[in-house]
Amino acid sequence: MSDRGLTGLSQWSRRLVAVGVLAWCLITVFPLYWVVVTAFKTPPGVVGGPTYLPFVDFTPTLQPFIDLYQGIRGEFFRTFLNSTVVGLSAAAIATAIGAMAAYALVRFEFKVRLGAGLVFFLLALGGYLLFNATFGLTRSQALLLAFPIALIAAVVANRLPLPGPILGNEDILFWFVSQRMFPPIVTAFALYLLYSEIGRLGFQLIDSYVGLTLCYVAFSLPIVVWLMRDFFEAIPIEVEEAAMVDNVPSWRIFIGIVVPMSMNGLLATFMITLAFVWNEFLFALFLTNSRWQTLPILVAGQNSQRGDEWWAISAAALVAIVPMMIMAGLLSRMMRSGLLLGAIK
Amino acid sequence: MMRNDPIKHVFIWPAVLVVLAISIFPLIYSLTTSFLSYRLIPPIPPRVVWLGNYATLLQEPRFWSALFTTTLIAFIAVGLQYAIGFGVALALNARVPGERLFRVALLLPMLLAPVAVALVARMMFNPTMGPLNQFLSKFGLVNLPFLTNGHWALACIIAVEVWQWTPFVILMMLAGLQTLPEDVYEAAELENASAWQQFWGITFPMMLPISAAVVFIRLIESYKIMDTVFVMTGGGPGVDTETLTLFAYQEGFKKFNLGYTSALSFLFLIAITIIGVTYLALLRPHLEKRR
């Protein structure tokens, strides 16, 4: 890093640039300051018009938070726990299995026939229709049968010398990452349909811990695989080769050498995933209704429930925001700026 | 270098299985649903209509207006994010005074829940009690209809999007700027190139690949916009700020029109694929020339 970029500028233009950045910084920080301040105001303090400085303009109070804890505006405490439990477990599972997949894609060679993918698609689609329409099974039974059959057929088809292109590791990686491009409404709605079909068989997936966590794991995997691949690629292969000479099995190389060496990356990925799950709104909106409601849903509901009670709304928003503020502080310390750059190449 | 060991299947299958079961398989199911006329309320037994749902949707003005609104928000917001983000990144890279302090503050918005951000925005934009109203009333602009007028509401949503996602652009561009080689700039110094010439001659072209990627990511993400609009305006006034995702939500979850909504979500998928492919096709010649 150097002073380049501004070197050709005069002293005055440098100051102008600094002022510009400062202005943007103020725009960024002011709304945050505003929530924090408003959360400590009393109702008359809010309705009386904007006030800015605690103790000078108004007397701060903890009442909004006490109300929140006592559950006057919805069961905040339980929802907070829901968000925490689902967020932590989904992030942990996604990081674990995503890191494994990323490692496999970096170090092992995979070959998937495009034909096998087509077999999966056609059998999943056709099998479902066949079972449902011809054999008279219910929709959910047909679905549950079609999936394993299509999967097994695809695995078998991959061994057969089918015509058509063979996909390598890069293509599999692209397949993972492209999941992220899908508009989530497509999958959220589809998942809602699927979950309710399975629900009719007796496995409650809508508004359940398992259903929600599973869904978040699936939708965090693209980011995890994407980020972790870069970390694993940066690890010098010599260490692993030395271990292989000593006949250390692959899974011990992974757990004993690779994981400790990329701890920073794993931690950063875990935190990014956690932030994603914590803030996620659409899936939670479709897949929960009361028991496993998450914080964003409850926060969004504050608006319409009781009108413009800004002191309470601020406190609610603050509860959703503060954990992520702490994370931002932690992340910015950990994050070498190269981290995300590697990810977008 | 590449090993071949049967254990690789143990490594990759959990992830593949989860994605197949939770994200690909439902898609296939919802594809079949999109060819049905299938409603829960009032309950009508499903009937195969093939492309009927798609045809109805393409004639539905509300679909086109949602597509237009989403496109408008995405393009304007991403354009502003890119311009501001690139500018701030350049300034931070040139070590303006106090740069360290800025970094944490600038990263914050993108980690916050869009729902909470939208609530805060509602407070800021409140036409009577909000601080923005007080600020503007000093210039004689009192009680502007921030969220109750279609155009104003769109502008407010775009402003919130810019506020929240410019940090992402800053972060990426900053990381990119730090990888640029030093010697090119030294050569330019010797030639007495001005800062302006250096930017357009060196920095901008060399940052083009990263810029393309950043804009692509933001554009795709912006098309998914839902939570912000849901909280700020609920799609209103009328349907002036209704985005595609919100439209699908209204149809699917308020009217339980399952076949129709499935068709809508697939049209959305097709639209976003077309936009993505067109974008990449338009940029490819520029990107390859620089390599």
Side-chain angles (χ1 to χ4, degrees), chain A residues 1 3-6 8-9 17-18 21 24-25 28-29 31 35 50 97-98 100-101 103-104 107-109 124-125 147 179 181 183-187 189-191 193-194 214-215 217-218 221 250-251 275 279 281-282 296 299-300 303 310 313 317 320-321 324 327-329 332 337 340-341 344, chain B residues 2-5 7-8 11-12 14-15 18-19 22-23 25-30 88 90-91 93-94 96-97 102-109 111-113 115-116 119-120 123-124 129 131 134 171-172 174-176 178 185 194-195 213 220 224 226-227 231 245 248 252 261 265 268-269 272:
Chain A
M1 287 227 305
D3 281 358
R4 67 165 175 244
L6 285 188
L9 296 179
V17 170
V21 176
W24 182 254
C25 215
T28 304
V29 173
V35 217
I97 67 178
M100 276 161 61
Y103 179 72
R107 290 288 186 249
F108 302 105
E109 198 178 4
L125 184 67
F147 181 67
Q179 305 295 320
M181 261 184 61
I185 183 77
V186 184
T187 22
F189 189 68
L191 206 56
L193 293 180
L194 185 76
L214 218 62
C215 148
V217 170
L221 276 176
S250 285
W251 63 269
N279 295 336
F281 177 69
L282 189 64
V299 169
N303 206 11
W310 294 124
I313 292 174
I321 283 175
M324 291 302 115
M327 286 249 312
S332 70
S337 27
L340 284 168
L341 180 72
I344 63 169
Chain B
M2 285 282 195
R3 282 178 271 157
N4 206 348
D5 184 334
I7 202 163
K8 69 183 184 184
F11 276 107
I12 203 158
V18 170
V19 173
I22 304 293
S23 123
F25 191 60
L27 275 186
I28 295 172
Y29 173 56
S30 127
V88 175
L90 277 173
N93 194 43
V96 291
F102 291 150
R103 285 205 181 187
V104 182
L106 287 176
L107 286 189
L108 256 178
L111 280 173
L112 307 181
V115 174
L119 274 182
V120 177
M123 286 192 253
M124 305 295 298
M129 295 183 288
Q134 197 191 35
L171 189 72
M172 293 292 192
L174 197 56
Q178 286 169 0
Y185 289 93
S194 72
I220 299 286
K224 302 175 183 169
M226 149 93 178
D227 356 14
V231 173
T245 309
T261 311
S265 59
F268 188 7
L269 184 58
I272 215 164

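Below, chains carry the letters A, B, ... as their sequence lines are ordered, and counting in each starts from 1.
The two atoms that bring B/Ala91 and A/Val21 nearest to each other are CB-CG2, 3.3 Å, heavy atoms only. Scanning both residues, B/Lys8 and A/Glu109, for their nearest heavy atoms gives NZ-O, 2.5 Å. In plain terms, the two heavy atoms of B/Ile272 and B/Ile220 that are nearest each other are CD1-O, 4.0 Å. The minimum heavy-atom distance between B/Phe11 and A/Ser250, with the atom names listed, is CZ-O, 4.4 Å.
Counting heavy atoms from C-beta outward, B/Val19 and A/Gln179 have side chains that approach closer than 4.5 Å.
With a threshold of 4.5 angstrom between heavy atoms, A/Phe189 approaches chain B through side-chain atoms but not through N, CA, C or O. Proximity to chain A involves both the backbone and the side chain of B/Leu27, based on heavy atoms less than 4.5 angstrom apart. Interface residue A/Leu221: only side-chain heavy atoms are found under 4.5 Å from chain B. A/Leu282 touches chain B through its side chain: at least one heavy atom from C-beta onward sits under 4.5 Å away, while N, CA, C and O do not. B/Met123 touches chain A through backbone and side chain together, each having a heavy atom under 4.5 Å away. For B/Val120, the part lying near chain A is the side chain, with the backbone staying farther off; criterion is any non-hydrogen pair under 4.5 Å. Proximity to chain A (any heavy atom under 4.5 Å) is shown, for B/Leu112, by both the backbone and the side chain.
Between chain B and the options A/Pro184, A/Cys215, A/Ala320, heavy-atom pairs under 4.5 Å are most frequent for A/Pro184. Contacts with chain B were tallied for A/Ala317, A/Ala218, A/Ala275, A/Pro183; A/Pro183 has the most, counting heavy-atom pairs under 4.5 Å.
Of the possible polar contacts, none joining the B/Lys224 side chain to the B/Thr245 backbone as a donor-acceptor pair under 3.5 Å is found. In this structure, A/Asn279 contributes its side chain and B/Leu111 its backbone to a donor-acceptor pair below 3.5 Å.
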